[in-house]
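When reading the values below, keep in mind they use all heavy atoms of this one structure, side chains included, and skip hydrogens, waters and symmetry mates.
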Amino acid sequence: MLVDPITAMWSDRLFQATLVVLLLAMVFTSLEYASRRIARSRRTSEAPVAVGAPAAEADGETEVAVAEPSPAGLTPDGGKPGRARVDRYGRIGVSLMILAALLHLGSIALRGLAAYRWPLGNMYEFVSALCMLAVAAWRVLVYRHPAIRPAGVFVLTPVVLLMFLAGTVLYLDAAPVVPALQSYWIIIHVTTITLASGMLLVSGVASLLFLMKRSGKPAVLAAKLPSAETLDRLAYRVTVLAFPLYTFAIIAGAAWAEAAWGRFWGWDPKEVVSFVAWVLYAAYLHARATAGWRTTRAAWINTAGFATIVFNLFFINMVVAGLHSYAGV
């Protein structure tokens with residue numbers, strides 16, 4: 001028996017449950033973001049200001065602390081001990097992300113057990129794993145930098161969209177992989193490129209949010225984002241970690257190509273676009289160390305790199321014919 005149908009069914013059920021939990025997490029992170037913005041407006045209009053007291057400004061607008069959890073566990077108005085409502089929304093959202101990541105890991109593991117192979121053999125499985133790793137990376141970042149938590153809704157939005165596409169347009173039943181993928185290189189090359197892509201998704205979103213915060217448009221969304229400096233630093237640090245993984249994945253892919261096709265490089269469309277993305281990310285890291293380029297211009301380069309990754313994932317895999325056409329759709 002090449003596939004265990006019962007295990008494959010439970011893998012699909014866990015995938016569906018993951019999508020539902022991620023949708024709930026997106027609802028609560030949206031509530032946190034919206035509530036912080038509403039609270040900010042109220043505090044701005046209602047808070048007493050001492051005569052002659054200077055107003056604190058950042059990015060051209062007055063900043064007012066909003067619904068931040070105090071060290072003593074008090075509500076923002078100094079009331080009885082307990083979590084503020086806004087903080088509670090955020091904590092629920094983060095908890096749901098953790099639950100979703102665990103369910104997602106179970107789905108991926110069962111997929112591999114059902115097909116008796118490494119569970120990264122087609123676009124459905126690749127996108128599924130990419131989303132799980134993106135959520136896990138974001139959770140680690142929130143743990144290390146709690147101030148970025150309100151931006152979680154902007155990370156979950158592309159993740160949920162990709163999950164929906166994976167479960168509908170890209171879905172394939174569990175089955176053995178084509179002979180060309182029956183190699184130990186699939187574990188090395190595809191796993192590394194999936195991990196790097198998941199991290200670069202987070203980096204790309206951070207750069208987009210940085211550009212939004214820096215421009216202040218649309219104002220209704222940019223108002224309560226973390227500071228531009230925080231978002232810029234976040235995008236840079238994630239890319240610094242992901243770029244070596246992406247580089248290693250390309251090198252491993254070249255080694256696999258030599259073993260499978262007798263050459264390291266053959267100008268296959270996926271190879272070319274992957275190299276273009278590598279050049280863009282290398283240019284981004286260089287720009288971050290170059291005076292006059294290290295903020296807005298560098299962010300645009302990082303955004304272009306992220307767009308190239310997305311283009312490579314969908315257009316090259318699904319539209320352009322090449323040696324890497326294993327999408328199955």
Side-chain angles (χ1 to χ4, degrees), residues 97 101 126-127 129-159 162 188-215 225-254 270-314 316:
M97 287 187 203
F126 176 81
V127 172
L130 184 155
C131 291
M132 184 201 72
L133 292 169
V135 171
W138 179 254
R139 178 62 190 94
V140 172
L141 291 171
V142 170
Y143 176 78
R144 294 178 59 87
H145 308 284
I148 68 173
R149 192 182 68 191
V153 62
F154 297 100
V155 175
L156 286 177
T157 299
V159 166
L162 287 172
I188 301 172
H189 169 62
V190 183
T191 303
T192 310
I193 200 71
T194 305
L195 176 58
S197 298
M199 296 173 68
L200 291 173
L201 184 152
V202 175
S203 172
V205 169
S207 281
L208 286 170
L209 295 180
F210 164 80
L211 293 170
M212 185 188 303
K213 182 69 174 181
R214 178 59 70 91
S215 68
L225 288 173
S227 68
E229 293 75 14
T230 298
L231 293 168
D232 187 43
R233 187 166 56 249
L234 172 66
Y236 174 68
R237 290 180 177 177
V238 173
T239 305
V240 164
L241 294 175
F243 183 70
L245 292 172
Y246 192 79
T247 303
F248 175 78
I250 291 178
I251 295 172
K270 195 169 186 70
E271 295 172 352
V272 173
V273 178
S274 296
F275 180 68
V276 170
W278 184 90
V279 170
L280 286 170
Y281 282 113
Y284 166 69
L285 294 178
H286 179 71
R288 285 291 274 106
T290 304
W293 284 77
R294 61 186 56 175
T295 53
T296 303
R297 293 177 179 177
W300 278 114
I301 297 174
N302 193 33
T303 303
F306 176 54
T308 305
I309 293 287
V310 175
F311 175 81
N312 203 12
L313 175 62
F314 288 101
I316 298 298

Give me the atom names and distance for the closest heavy-atom approach of T296 to R214. OG1-NH1, 3.6 Å

Minimum-distance pair of heavy atoms, taken over all atoms of M97 and V135: O-CG1, 3.9 Å

Scanning both residues in full, the closest heavy-atom pair of S274 with Y246 reads O-OH, 3.1 Å

Closest approach of R288 to A298 (non-hydrogen atoms, all atoms of both residues): CD-CB, 3.9 Å

Distance (rounded to the nearest 0.5 Å) between L245 CG and T191 OG1: 11.5 Å

What pairs meet the ring pair (Phe, Tyr, Trp, His ring centres under 6.0 Å) rule with one or both residues in residues 131-153, with sequence neighbours excluded? none

Can any side-chain N or O of Y284 pair as donor or acceptor with the backbone N or O of Y236 at less than 3.5 Å? yes

Rounded at 0.5 Å granularity, tell me how far CE in M199 sits from CZ in R237. 13.0 Å

Tell me the closest heavy-atom pair linking A235 and A206, and the distance in Å. CB-CB, 3.8 Å

Summary of salt bridge (charged side-chain N to carboxylate O under 4.0 Å, His left out) pairs that have at least one residue in residues 293-307, sequence neighbours excluded: none

Can you check whether F248 reaches I188 side chain to side chain, under 4.5 Å on heavy atoms? yes

Within residues 194-207 or reaching into it, pairs that qualify as side-chain hydrogen bond (donor to acceptor under 3.5 Å, both in side chains) - sequence neighbours excluded: S203-T239, S203-N302, S207-N302

Contact summary for L234 and L141, nearest pair of heavy atoms: CD1-CD1, 3.4 Å

Euclidean distance, L200 CG relative to L195 CG, rounded to 0.5 Å: 9.5 Å

Could you tell me whether the side chain of F275 reaches within less than 4.5 Å of the side chain of T308, counting heavy atoms only? no

Do the non-hydrogen side-chain atoms of T247 and Y281 ever get within less than 4.5 Å of each other? no

Value rounded to 0.5 Å, distance of OG1 in T157 from CG in L162: 11.0 Å

What residue among V202, I301, L280, L201 forms side-chain contact (heavy atoms from CB on, under 4.5 Å) with F306? L201

Quick check for you: to the nearest 0.5 Å, what is the distance between I193 atom CD1 and I309 atom CD1? 6.5 Å

Any non-hydrogen side-chain atom of L208 less than 4.5 Å from a side-chain atom of F154? no

Step through the shown structure and confirm whether more than 12 heavy atoms of other residues, nucleotides or ligands are within 6.0 Å of CZ on F243. yes

